[in-house]
Amino acid sequence: MTNREVAIILDRIADILQIKEENSFKIQAYRKAASSIYHLDEDLNTLKQARRIEEIPGVGKAVKAKIEEILEKGSCEYYDRLTAEVPLGVLDMLALPGIGHKTVKIIYEKLGIDNLDDLLKAAEARRIRTLPGMGGKTEYNIKKGMELLRQSGGKVTLGLALPLAEDFRDYLWEAKSVENACIVGSIRRGKSLVSDIDILVASRDYEEIRQKVNNYRGLIEISEHDASCIKGLLTHHIEFEVIIVPPQDYFSCLLWTTGSKTHRNQLFKDSEVPPWPEVNSEIDFYTKRGMEYIAPELRENQGEIEAAGKHQLPQLVGLDDIKGDLHIHSKWSDGAHEIKDMAAAAQALNYSYIAITDHSKSLAISGGLNEEKLGAQKVVIDALNSELSGLQILKGNEVDILKDGRLDFEDDLLKDLDLVIASIHSHFQLDKEKQSDRIMQAAKNQHVDIIAHLTGRLLNRRNGYDLDLDRVLETVAKNHTILEINSHPDRLDIDEEIARRAKDMGIKIAINSDAHHKQDLGLMKYGITTARRGWLSPDDVVNTWEKEKLLNYLGE
DNA sequence: GCCGTTTTCGGCCCGACTGTTTTCAGTCG
């Protein structure tokens, strides 16, 4: 069992307890333990062997026993008992926006519905409105939510698929006969939602690879296999495909399997099908055709082939270019750690600056800071800065954009901060005009430096709010406001398409982790991938800049 | 169920909006 799988079980226990309306603090305890484990930087199995499970924050005697049982047996008696009472299909319904634990409980108890398909049928048959507290709008929410789920077509986020793919690839590479192995397909191109995990393996021993796949701890089943391919299902029910080629064909197959189809169609004529033994590397392939090397993230037939032919591809931003992180939370609001701990984690990444940007007072659930606390936080940061060498902590805030476009703090207070992020956390359903006006008003505020998670989308969960992007981007450009690429793999907001538009309009971008936990600083790589897919260069991204240049820009 | 310069039980625990109601329960960030 991986940490993530254990965390998912603990979260499901919390969900079922919530549906059963048990003590809310008990539910909270399971959620906290799940979150701690999700963010752990050590493997639970290792911790168990070292008898250190109880060191995990939020894990006491009871949860520890359950974790150990799950690690040994893949499940625990308590969880099995709960899922016998409330089937997992009932929990699937919680994914629908506007449908919470109480609603799900009533639907399950009164109508006996325990899966999404039956729920949709009941909503279409207008049976949901017969239940207490539910009406036409609840049915609409169900139908609308199901549409969103269907749109994603069973795809999973890169944040879920990539770690699993990396683990699988590293495992396969351990086989003696493997000379090369690479994650290919949409994961290699860095798409934010992917349908499966594809691994290309160079080996002459098919049988060894098949045995190896068969023994993988994350394997659920092998569905089919032939001389060059093994297909099946991995944990989290993600489909996989292992493609096995002889070593001399590896690089041409790497190109072919990375795709995308449209990139391939544009590049190759019908007659051209791999292998091409003369190809020694991808760079070699493009060079021999008189082109620059095209990075996997660009291979989407969005003008990259033409640009590569003219040697006009941008120099893409990379993780190594990043010098700081401008959107970080601490314990002062809803973060998990003290500022000094986040600073230490940033130093470990060799950053030269970070901005502490806790929430503002309106976001009460997250412990948003009021004027007084913000003042106190500045004193703490000043003290830390006087001790730190090599890293500067910028005094910032993620200030809420209120319903009418005003900000949660007065200008007088904002002007004294090093960095102001403005973002929306409420009133998602305003109409296009009002929503756009609201953001534009924030962008026009001379103290606002960055607009964070512009569209508010949550991948597989919620579409972005209705925005007139043309008008918004125009205002952002005019006011020299920076747009954020939020690196959280559930957000990746703005996406590559908007990022590229923004770049063309001269808008600068900040790639931020929005870290609520030390480990979250590592999410930066997902934002980088999105930036690369948006054709961004280091110069387009303000947090690749030297500190002095950045501070100058913020001060203007 | 966890946690304790509060110390082994009692605290943990927001607030606004939405939808279904006609005074409030459920959802969400």
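A quick note: this is a predicted structure, and the numbers were derived from the prediction, not measured. Naming: A, B, ... by sequence-line order, numbering from 1 per chain.
Considering only side-chain N and O atoms, A:Lys403 lies nowhere under 4.0 angstrom from the phosphate OP1 or OP2 of B:dC17. Side-chain N/O atoms of A:Thr103 include one lying less than 4.0 angstrom from OP1 or OP2 on B:dT27. Put simply, A:Gln28 has no side-chain N or O that comes within less than 4.0 Å of OP1 or OP2 on B:dC13. For B:dG15, the OP1/OP2 oxygens have no side-chain nitrogen or oxygen of A:Ser362 closer than 4.0 Å. Remark: A:Arg129 is not in phosphate contact with B:dG19, judged by side-chain N or O atoms under 4.0 Å from OP1 or OP2.
Using a 4.0 Å heavy-atom criterion, one finds that A:Lys64 contacts no nucleic acid atom at all. Among the heavy atoms of the strands lying under 4.0 Å from A:Ile99 are primed sugar atoms or P, OP1, OP2 only; no base atom is included. Counting any heavy atom pair closer than 4.0 Å across all strands shown, A:Pro97 reaches sugar-phosphate atoms only and no base atom.
The C1' atoms of B:dT18 and B:dC13 are separated by 22 Å, rounded to the nearest whole Å. For B:dC28 and B:dT23, the P atoms lie 26 Å apart once the distance is rounded to whole Å. Straight-line distance between the C1' atoms of B:dG26 and B:dT21: roughly 13 Å, to the nearest whole Å. Between B:dC14 and B:dT8, the distance separating the two C1' atoms is 29 Å to the nearest Å. With C1' as the reference atom, B:dT6 and B:dG11 are 10 Å apart, rounded to whole Å. Annotation: B:dT22 and B:dC17 have their P atoms spaced 23 Å apart (nearest Å). Across the C1' atoms, B:dT20 and B:dT27 are found 14 Å apart, a figure rounded to whole Å. B:dG10 and B:dG15 are spaced 25 Å apart, taking the C1' atom of each and rounding to whole Å.
Residues A:His101 and A:Ile27 fail the side-chain proximity criterion, which asks for heavy atoms closer than 4.5 Å.
Judged purely by distance below 3.5 Å, without hydrogens or angles, the side chains of A:Asn486 and A:Glu484 pair a donor atom with an acceptor atom. A:His329 and A:His327 share a side-chain donor-acceptor pair at under 3.5 Å. Checked by atom type, the side-chain pair A:His39/A:Asp520 shows a donor-acceptor distance below 3.5 Å. Side-chain N/O atoms of A:Asp408 and A:Ser360 include a donor and acceptor closer than 3.5 Å.
As a whole-Å value, the separation of A:Lys144 NZ from B:dG19 C1' is 18 Å. Between the NE2 atom of A:His359 and the P atom of B:dC14 there is a distance of 17 Å, given to the nearest Å. The NZ atom of A:Lys137 sits 15 Å away from the C1' atom of B:dG26 (whole-angstrom rounding). Rounded to whole Å, the distance from NE2 on A:His427 to P on B:dC28 is 16 Å.
Nucleotide B:dC24 forms a pair with B:dG19, judged by Watson-Crick or G-U wobble geometry with both contacts under 3.5 Å.
Side-chain N or O atoms of A:Asp490 include none that pairs as donor or acceptor with a backbone N or O of A:Leu459 at under 3.5 Å. Side-chain atoms of A:Asn397 never come within 3.5 Å of backbone atoms of A:Thr357 as a donor-acceptor pair (strictly under, hydrogens ignored).
Residues A:Asn141 and A:Leu96 both approach DNA chain B. Their nearest nucleotides, taken by heavy-atom distance, put A:Asn141 toward the 5′ side. Remark on DNA chain B: of its neighbouring residues A:Ile56 and A:Phe25, the 5'-side contact belongs to A:Ile56, judged by nearest-heavy-atom nucleotide.
Taken residue by residue, residues 107-127 of chain A places no heavy atom nearer than 4.0 Å to DNA chain B.
Ring geometry for A:Phe428 versus A:Tyr465: interplanar angle under 30°, hence parallel rather than tilted (30 to 60°).
Nearest to the side-chain atoms of A:Thr138 among the listed nucleotides B:dG29, B:dC2, B:dG19 stands B:dG19.
Taking the six-membered ring for Trp, A:His488 and A:His453 have ring centres at least 6.0 Å apart.
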